[in-house]
Amino acid sequence: MAIRLFRRKEEGEKRIKIPEGMWIKCDACLEIIYKPEVERNLNVCPKCNYHFRIPAMERIRSATDEGTFQEFGDDLESVDMLTFTDTKKYTDRLKESKKKTGRKEAVITGTAKINGIDIVLSVLDFEFLGGSMGCVVGEKVAASAEVARELARPLLIFSASGGARMQEGTLSLMQMAKTSAALARLSDDHLPFISVLTDPTTGGVAASFAMLGDIIISEPGALIGFAGPRVIEQTIKQKLPEGFQRAEFLLEHGMIDMIVERTRLKPTLTQILRFLARTSPQGS
Amino acid sequence: MILQYLDFEKPIIDLENRLEQLRRVDDGTDKNLREEIAKLDKKIGKIRKEVFSNLTRWQITQLARHPNRPYMLDYVNLCFKTFLEIHGDRAFRDDPPVVSGFAELEGERVLIIGQQKGRNTTEKIRRNFGMANPEGYRKALRVMKLAEKFRLPVITFIDTPGAFPGIGAEERGQSEAIARNLLEMARLKTPILVVVIGEGGSGGALALGVGDEILMMEYAIYSVISPEGCASILWRDTARAETAAEMMKITAVDLKKFGVVDRIIPEPLGGAHRDHKAAADVLKIAMVESLSSLRGLPIPQLLDRRYAKYRDIGLLKRKAGSTG
C-alpha cells in the first residue's frame, strides 16, 4: 500500500530542491529559470509547464482568499505505537519531518473562503514523511469531513501522498476506512466533495478519499495510481508504457474529471463550487 | 492434497510419521510397542505445544500462507449448507480471485463474498493467486448491494496477498474500486461480518473488510503492506521481511489489542491446515453467534455502531493548549 515513488527522471538523480538564489533549474526540462518568475507563476515552470511540488501552506495560499484560512486540528500528533525502527527510529523520522516542514503532521486542515465561498479543506504535505497517512492524517481528514457536514459547507481535499504510513502498521490501513466512512456521511448529506490530486497521489490515499470526490481534478503530469510503477514492473516483468499513471492517462481512462493547471485552479474551483452549492441543502 | 510443511513444523511431522509407522505395525499384542506409541504420542503433544506457543510473527505469517491452509471455498463447503455462486461485475468481466454467492448458514440466508487462492498451479493462475482486479471489487460491491436490497446479511472472507498491481488494473481504476467499496461498506444497510482467514494484504483486503464485526483466525495476518514489501522499501532488502513482520505487528493477537479485530478464532493445534474440518467447525459457531447478535440491531443503530467503530480506530496524542 505504501509505496516508494520515483520522479520522472532517471533513478539515482537527486531531486533538485529550489535553492536560495535567483536562478533555479527545472526538475523536468532542466532549463535554468528565473526564480521570482516561477514563484509568480505559482511554482510552475514557465518554460515547460512542469508543476513543482509545493508545501501545503503554499497550496492553501494559492487556492484560497488571502487571510481567510483558519486552521483546526493542529493539536494532534503521532505516536509510535509499534516502537518502529527500520534504518531509523520512527520517532526520529517524525522529528526530522517536523523540523523540515515546521508542521506537526502531513496534513493541514481548516476552513477558508474561495472567492467568498465558505469551504472546509484538508491539504496533504508530501514534504512530511511523503504525505503518508497514519492515524493523525486519517483523523484530521475524517474530522474535516465532519466539520464540513456540521457547517454544511463543501469539502476540498488536496492529496499528495505515497500512501498509508508503514510505521503505524495496520492502524494506518484502517485510516482508509475511517476517512471513507466520514465521506459517506458527507455524501448522504448532499454536500459536495472536491478532490484535487497533485503529484504524487498513490497507495492507500489514492485507494480511499482521493478517488472518492464528486469531482476529481488533477494537476498536469501528476503520478496517480494504486501500485507504484516499480512494483508493477516487478510483478508483470514488463516495461511500463510512456505516461502510465500520469494525470493525462487517468483522464483518458475515465478516472478523473479534468486536468487543471495550477494557475487556473482557483477560478475552476469557484465555478464548480458555485454550480454545486446551488443544490446543497445550505443549513438544512 | 499433498501435505507440505514449514521448517519449524518438520520435527513434529517427522515424529508424527514415525508414530504412524508404529501404529501400522501395532496389532495390540506387543506391550512394549504400545508403551512406545504412548510415549511418542505424548512427546509429539509436548513439542507441538512448545513450538506453537512460541511462534514468532514471521512463523505466523508462514502459517497464514501455508499451501495446505483452508481457503475460502474450503470454509464455504464446510460451514454452509448450500452455495450458489453468482458471477460478474456487469461492466467488464468476472474476476475469479473474488468469489460470491448465495449460502445458508444454519438455515439463515446470507450472501458471501471472499478471496480465493488456488490450490494447484492451474487453479492458482486462474485465481491470480488471490489478487483481485478492479472488477473483482466491483463484483463484490454489486453483491453487497444485492444483499442490502433483499435485507440479507453479508459475510466476507479475506485471504489475499493484495490487490493486483498490473497495467490493466490501473487502467480500470484499482484505487477507485477499492475506495468505493470502503465508502459503500461503511453505509451498507445490512449487517456485514468479516472473517480474515489467511492473508489480509493491505488495501486489497480492506476492500472487503469494512464491517460490523471482524473475526480473525488465530494464525492469520493483516497488514498495511506485505512484510516483503515493507522490507524492500525501508531496508531495500526483501530478506528483512522477518524483521518487518515483527515490527509491523500483524498477528491476530496484536490486532485485537489495537482494536482492528473484534474476535480471534482459535485454530486446531498445529494450525488450521492440519484439520480443515475442526477449524471450520469453530469458525462456524463464531459466525452464527456474531450474525445473530448483529441481526438483533435495528439498521440505524447498526450503522451508527459501524461508524463509531471506524471513527475511533487509531492511536494519537492530543496536545493540550493548542488551538482546534
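Proteins come first, then strands; the chains are lettered A, B, ... in the order of their sequence lines, and each starts at number 1.
Looking at heavy atoms from C-beta onward, T170(A) lies out of side-chain contact with F258(B) at the 4.5 angstrom threshold. For the pair P241(A) and I167(B), the minimum side-chain heavy-atom distance is below 4.5 Å. In this structure, S232(B) and R230(A) have side chains that are in contact, with non-hydrogen atoms separated by less than 4.5 Å. For the pair M176(A) and I178(B), the minimum side-chain heavy-atom distance is below 4.5 Å. Q175(A) places a side-chain heavy atom less than 4.5 Å from the side chain of I313(B). Using a 4.5 Å cut-off on side-chain heavy atoms (C-beta onward), E170(B) and L250(A) make no contact. Within the 4.5 Å cutoff, side-chain heavy atoms of F249(A) are placed close to those of E171(B).
The most heavy-atom pairs under 4.5 Å with chain B, out of Q70(A), M255(A), K88(A), come from M255(A). The candidate with the highest count of non-hydrogen atom pairs below 4.5 Å against chain B, out of L171(A), L183(A), T87(A), is L171(A). Among A179(B), A186(B), A163(B), the residue making the largest number of heavy-atom pairs under 4.5 Å with chain A is A179(B). The choice from Q167(A), E252(A), R185(A), E146(A) that makes the most heavy-atom pairs within less than 4.5 Å of chain B is R185(A). Most heavy-atom pairs under 4.5 Å with chain B: of the set T83(A), D188(A), L240(A), this distinction falls to D188(A). Of the residues considered (G169(A), S180(A), S172(A)), S180(A) shows the highest number of contacts with chain B, using heavy-atom pairs under 4.5 Å.
Taken from CG in L182(B) to CE in M211(A), the straight-line distance is 13.0 Å, to the nearest 0.5 Å. Summarising the geometry, atom CZ belonging to R93(A) is positioned 6.0 Å from atom CG belonging to L234(B); distances are rounded to the nearest 0.5 Å. If you take OG on S175(B) and CD1 on I224(A), they are separated by 9.0 Å, rounding to the nearest 0.5 Å. Distance CD/E176(B) to CD1/I256(A): 12.5 Å, rounded to 0.5 Å. F226(A) CZ to S202(B) OG: the interatomic distance, rounded to the nearest 0.5 Å, is 5.0 Å.
Here the closest heavy-atom approach between residue A177(A) and residue V210(B) is recorded as CB-CG2, 3.9 Å. Shown here for K178(A) and Y310(B), the closest heavy-atom pair between the two residues is CE-O, 3.3 Å. Closest approach of L173(A) to S223(B), counting heavy atoms only: CD2-O, 3.8 Å. Across P165(B) and I236(A), no two heavy atoms sit closer than the pair O-CG2, 4.1 Å. The two residues M166(A) and V224(B) come nearest to each other via the heavy atoms CA-CG1, 4.1 Å.
Counting heavy-atom neighbours within 6.0 Å of K89(A) NZ, excluding the residue itself, gives a total of 12 or less. Within 6.0 Å of atom NZ in K98(A), more than 12 heavy atoms from other residues, nucleotides or ligands are found, so the atom counts as buried in its surroundings. Crowding of R151(B) atom CZ: a count of heavy atoms from other residues, nucleotides or ligands under 6.0 Å not exceeding 12. For NZ of K189(B), the number of neighbouring non-hydrogen atoms (other residues, nucleotides, ligands) closer than 6.0 Å is 12 at most.
Residue contact with chain B, scored on non-hydrogen atoms closer than 4.5 Å, is absent for F209(A). For chain B, the nearby part of Q245(A) is the side chain; its heavy atoms alone come within less than 4.5 Å. Neither the backbone nor the side chain of T109(A) comes within contact range of chain B, judged by heavy atoms closer than 4.5 Å. Using a 4.5 Å cut-off between heavy atoms, A143(A) touches chain B through backbone and side chain atoms alike. Only the side chain of F244(A) comes within less than 4.5 Å of a heavy atom in chain B; its backbone stays farther off. Residue contact with chain A, scored on non-hydrogen atoms closer than 4.5 Å, involves the backbone and the side chain of L315(B) alike. When heavy atoms are compared at a cutoff of 4.5 Å, T235(A) approaches chain B solely by way of its side chain, counted from C-beta outward.
Chain A is approached within less than 4.5 Å, heavy atom to heavy atom, by no residue from residues 133-149 of chain B. Contacts with chain A (heavy atom to heavy atom, under 4.5 Å) involve these residues of residues 297-307 of chain B, listed by number: L303(B), D304(B), Y307(B). Contacts with chain A (heavy atom to heavy atom, under 4.5 Å) involve these residues of residues 242-249 of chain B, listed by number: M247(B), M248(B), K249(B).
D75(A) and K319(B) are not joined by a salt bridge, as no carboxylate oxygen comes within less than 4.0 angstrom of a charged side-chain nitrogen. Remark: E139(A) engages R311(B) in a salt bridge, criterion side-chain N to carboxylate O under 4.0 Å.
Under the salt bridge (charged side-chain N to carboxylate O under 4.0 Å, His left out) criterion, D92(A) pairs with K95(A), not counting sequence neighbours.
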